K.L.:
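Below you will find the structure I want to go over with you.
Every chain is numbered from 1 and lettered A, B, ... according to where its sequence line falls, protein lines coming before strand lines. What you are looking at is a predicted structure, and each value in this text was computed from that prediction instead of being measured.
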Amino acid sequence: MASKSTLRIAWRNLGRNRKRSSLALTAIAVGQFAFLAIAALMHGYMGDFHESITGPMIGHAQIHAPEWRDDRSIDLTIDDVSVVLEAVRDDPAVTNVSARIYAPVLAALTEEGFMGFVVGVDPLAESHDAGLLPDFDGAALGDGRVVVGYNFAERYGIEPGAELALVGQDVDGSIASGLFTVADVVASPVDIVNNLGIVMALGDATDMLAMYDQAHELVIHTEDVETIEETVARLSGLSPLDGLEILPWRDIVPTMVGMIEMVDVFLYIVLMIVFIAAAAGIANTMLMSTFERKHEFGMLLSLGCGPGRLARMITVEAVILGLVGVLIGTVLGLGLLAVTSQTGMDYAALGGDQETYEASFQGLNLSSLVYPKLYVSDVIAGVVAVFLTSLLSVLWPIAKVVRMEPMEAMRL
Amino acid sequence: MNAPLIGKYAVRTLGRNVRRTFLSVVGIGIGVAIAIFMTAFMKGSTQMRVRAIAESGFGHVMVAHSDWNVSRDNDLRLTGWEDELEAVRAMPGVKVAAPHARTTALLAFGTRVSGVQMLGVDPEAEAASSRLVLAVSEGRYLQDGDSDVAVVGSTIADRLDVELEDDLLVTVVDAAGEMEYAMLRIVGIVDTGSRDMDASICHVTLADVERLTKLPGAGEISVTLDEPLKMDSMVPRLKEVVSPSDDVLTWMQVVPAQGGDYQSDKGFMNMLSGTVIVVVMLGIAGAQLTAILERRREFAVLIALGMKSSQVVRLILFEAVVLAVMGAAIGLLLAWWPVHYTATVGFDFSTILGEELSMSGVLLEPIIYSIPGAWIFTHALAIALVSTLIAAIYPAVYALRTDPTSALSLREA
Amino acid sequence: MNSLRTEPRALRTALCALAFALAILALFAATVIGRETTERRVATAVYPEATESASIEGAPDVDDILRSYDDLYNSTGTKASVEITIVTPKKTRNLELRFWARGEDKALMVVDAPPRDAGTATLKVDKNLWNYLPKISRTIRVPPSMMMGSWMGSDLTNDDIVRDSSYEDDYDSEVVGRTDDPPGWKLRMTARPEAVGLWNSVEMVFADDAWLPVMAQFYDRKDRLSRTMTFGEVKVMNGRRVPTLITIIPEREEGRRTEFRYLDVEFDVELSDDTFSLSRLERTH
């Protein structure tokens, strides 16, 4: 085993060749940093991707009356919705839960009627990033004010300020009607809202449709994508949810499951490629640096240093470099995380096409922000892998060096 | 020493330090190979989405009435659709052109009803361009010559409580506002695994939609291209053969939400590729810098022997270039097989994920095909050159300022 | 060959209008998110089954029977008040309305009860349909694409209400036997192969008594009994003896039933064009 003197010698060697050591250190640190940065971005992207796939329409989990999803019958409601909402909100894993009402309607600006679709939402609850109306001023809805989808407005010439008459069927089967003012036109990432949607405050919808303390759907967001299943299991045991159907997003859009898993695998492959690139760089640098010290080693050997001892010295140097490099890389990685995890990282600035993010597709705003996230397991994986790489990359030089002819080695 | 001599010296140095040269070149080569593979692979990954969209019936571009993009009105029809179809099909670069006509319809059986968006298709073109055709779980898809038959989604069949060979009564409001009725026999049932999707699928022949709506012809032509990446250049060419009252739209305009996601994806993937390239370059530069730094004494000797510092610099740079070129060549060689394989056979995710992917596999082929191109050569060279040159700058500058005597001392600085 | 009416023409016209008023969204809802009546266990009929007797000797001419059925509610102008009861497992809904109908093309209908819907009016003139909503004082024209919906919540299909006559060429009719309770004749109308419609066959029972319709059973294209219609409470209305209660019972949906009851009918009333005008529509509240 390496003795204390070996350690001291190794340390001094590294200190004496600052440039060489720092190059090796840099390679290792950069490798670890890149690994952690990409892992963090990967997790952030998956979260983002998950959201965009399931969309604000789906959320993480949903609650309905048992057969509502089959035919969307307006009378299949969740009753005593306020009690259910409160029970769900109390759960620690739930970050957001909001009620929605859906009803097809006949809409008219003048005398000519056309098809529309009312979505009653709680504007404050839906104004968070993953809601139906992100960045929307919730106070704008309510008291008869509605917003309409972008395509819907274009198609029928609906402008802000217009008066819209809506006719539908209420929960009892009677005719429901109302006059509403269009407050704004919105571009929603949800197609049906864009093409047919008339979004109104929940209160207005319940008034028009006589759905008091009732709703069609509760959309739940949990704080972590990974804990959805257990949260659903926990919530389904609550008594206010008795008789109601609660489903995780996987059961609502099963075709998306495969897609998301594929992206997950894909990103891990990418992470592996990043690691390989980093490892190649580390190995290259370490190999190069160790081989270039042939002269020095030759001298040591000729001065009586045994090959075993030499091997140990090189190894200890590699260990020190590995540890310090990994440490630096981890600190940098965590630093990046600390800086960007709240505000997000704009990858448009880094690798995308700047212009496209200014543009919007038919009113949709594109977000190029990703919120990096790192797990302890990632850090550990990186540390172990990168450290091992630096260690393994000196194996070949050591093998060569211990069998060296000192004289040969000292030749310039 | 003058230029040719520098060259000769450089080459001889490289030749004499086999291991160092080998390490350098292989190191550069591996780095370059990784970077190239990554870039080609990333390009392929974003194209997978485009392929999925095209193959679900949208095509890469679509010919539609000029008003369609805004109004999304089902009743709009193309002007001279048959001529347009022929012209589009004849255009090189077009793989399949599938005409469509849509109408809202009510399907009924017994006391049950279900409203649908009926799609009139050309069975042969549809089978060649849409993966939906693969999702037929019972019966068959439409064929040329079919009439008064329909292929419906499984959710619709469940709602109406019907099976294969049952006759549905279809009601359509025609162009004049009259109700048109017809019977449609179910010849196929589609199961995509998505309840919502299966509730929206009702395919009939184009002729049947014409007959029911009294609106002649197709409302849109979905065009699948041989080379999706050339989409932007195909659009103006297609516009030329299409009637003035019709327009050519890209899939991004047809499904803007998908287009937005696509751009986001591309940006993110670019960033990932960029990261790998940076890591690769840093790795190469590190190794090269280490190598050069160790040769300080050698350079000091050269200067002491009378070589000008500027010539030493040129020597270092020349070596860097030679190494870069060789490294790039090795890199291209190493990358050739992985890139070729993934470009032709593709990277198939279904082997990794197993059966779980079968559902969305119907609509999405879970294979990434790398996209190589002429850019590979320039990329390889650029990465190699920039890395080695970066590594050469510091020692080159250092060499200019070095004091031969201190460099020659045995003490390491 | 013979026209097959499954319920009175005038009523049909008015119901057409009502169906639009109440069911204007059905197609849209169906198109966007689909509609389905939930399947329940097969329900048994709740009315006495008209039993067949063996002989068909002395059977009257099929055409005569069907023509008399046609004439039953035939009128140049009809004015009526109707009560509609829609029974579902969850609840029972009652509507009272008045309607005026002339021919196939003109109908005006005003809802009187329940109070929540009172004042809602619907006008049908040729292919156009307007609704008047008293609560918002607005008249809105229903676009053709939304007119296809079936009667939401009730058990009539769009086929019954909206479709104009076209059964004449599509069915072959014959007397198939006698019934005992009530005494009458059973007819079967079988769809011709090229017929466009929901029913493979319809079996109707006409009582000996003035050949009043008693019951109609509808078999779908798979020859399953799909629904049953009964005609009861024969009363004298405006000089005619007509069944005033028509009940529709779907076969595979438990606990569902729709009843149409004529409270009062006047036939052959002279109705001016003015009755079927938008201004009249708006004044009816």
Side-chain angles (χ1 to χ4, degrees), chain A residues 16-17 19-20 23-24 26-27 30-31 34 37-38 41 45 52 69 71 151 154-155 189 191 194-195 253-259 261-262 265-266 270 273-274 276-278 280-285 287-289 291-293 347-348 350-353 356-357 361-362 364 366-368 370 412, chain B residues 19-20 23-24 27 30-31 34-35 37-38 45 70-73 159 192-195 197 252-253 256-257 259-261 263-264 266-276 279-280 282-284 286-287 289-291 293-294 297-298 349 352-353 356-361 363-364 366 368 412:
Chain A
R16 240 183 293 137
N17 294 286
K19 287 198 199 73
R20 197 202 307 147
L23 270 176
T26 310
V30 163
I38 296 299
L41 283 169
Y45 183 83
S52 72
R69 277 190 318 140
D71 64 1
N151 287 346
E154 288 247 344
R155 186 171 172 178
D191 271 339
N194 245 351
N195 296 332
V253 279
T255 42
M256 292 306 173
V257 174
M259 181 88 135
E261 275 166 9
M262 188 173 71
V265 169
F266 172 74
V270 167
I273 295 179
V274 169
I276 291 174
I282 294 171
N284 203 359
T285 306
L287 280 169
M288 195 70 91
S289 118
F291 275 123
E292 288 304 314
R293 294 162 70 193
Y347 55 82
L350 289 175
D353 189 346
T356 56
Y357 290 99
F361 284 106
Q362 299 204 321
L364 272 176
L366 300 174
S367 147
S368 58
V370 120
L412 242 178
Chain B
R19 186 162 44 225
R20 188 200 300 155
L23 265 182
S24 298
I30 291 178
I34 293 172
F37 177 79
M38 177 77 172
S45 75
V70 174
S71 73
R72 303 278 161 147
D73 189 350
R159 276 201 193 121
T192 62
S194 159
R195 182 199 251 132
M197 198 140 203
M252 290 190 276
Q253 292 168 287
D261 285 342
Q263 294 289 35
S264 295
K266 238 174 35 155
F268 191 75
M269 298 307 158
N270 278 347
M271 190 200 63
L272 291 177
S273 302
T275 308
V276 166
V279 168
V280 157
L282 285 177
I284 295 174
L289 201 53
T290 309
L293 280 179
E294 296 301 326
R297 210 170 303 125
E298 176 192 332
F349 282 85
I352 298 183
L353 296 169
E356 293 153 31
L357 207 46
S358 60
M359 275 203 279
S360 54
L363 305 165
L364 166 73
I368 292 183
E412 317 260 12

K.L.:
Is it the backbone or the side chain of Arg20(B) that comes under 4.5 Å from a heavy atom of chain A, or both, or neither?
P.N.:
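Its backbone and side chain both get close to chain A.
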K.L.:
Can you say whether Leu287(A) sits under 4.5 Å from chain B via the side chain, the backbone, both, or neither, judging by heavy atoms?
P.N.:
both
K.L.:
Could you please spell out the steps behind the side chain to side chain contact (heavy atoms under 4.5 Å, CB included) verdict for Asn195(A) and Arg155(A)?
P.N.:
CA-CA 9 Å; Asn195(A) 296 332; Arg155(A) 186 171 172 178; over 6 Å; no
K.L.:
Measure distances from Ala277(A) to the heavy atoms of chain B and classify the residue's part below 4.5 Å as side chain, backbone, both or neither.
P.N.:
both
K.L.:
Below 4.5 Å from any heavy atom of chain B, which atoms of Ile38(A) appear? Answer side chain, backbone, both or neither.
P.N.:
side chain
K.L.:
Where does Thr26(A) contact chain B at under 4.5 Å (heavy atoms): side chain, backbone, both or neither?
P.N.:
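Neither part.
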K.L.:
Of the non-hydrogen atoms in Ala280(A) and Ile30(B), which two are nearest, and what is the gap between them?
P.N.:
CB-CG2, 4.0 Å
K.L.:
For the candidates Leu282(B), Leu23(B), Val279(B), which exhibits the highest count of non-hydrogen atom pairs separated by less than 4.5 Å from chain A?
P.N.:
Leu23(B)
K.L.:
For Val30(A), which atoms come within 4.5 Å of any heavy atom of chain B: side chain, backbone, both, or neither?
P.N.:
side chain
K.L.:
For Asn151(A) and Asn194(A), does a side-chain donor sit closer than 3.5 Å to a side-chain acceptor?
P.N.:
no
K.L.:
Which heavy atom of Thr285(A) sits nearest a heavy atom of Gly286(B), and at what distance?
P.N.:
OG1-C, 3.8 Å
K.L.:
Minimum heavy-atom separation for Ala278(A) to Gly31(A), with atom names?
P.N.:
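Scanning both residues, the minimum pair turns out to be CB-CA, 3.6 Å.
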K.L.:
Angle class for the Phe268(B)/Tyr45(A) ring planes (parallel below 30°, perpendicular above 60°, tilted otherwise)?
P.N.:
parallel
K.L.:
Under 4.5 Å from any heavy atom of chain A, what part of Ser24(B) do you find: side chain, backbone, both or neither?
P.N.:
both
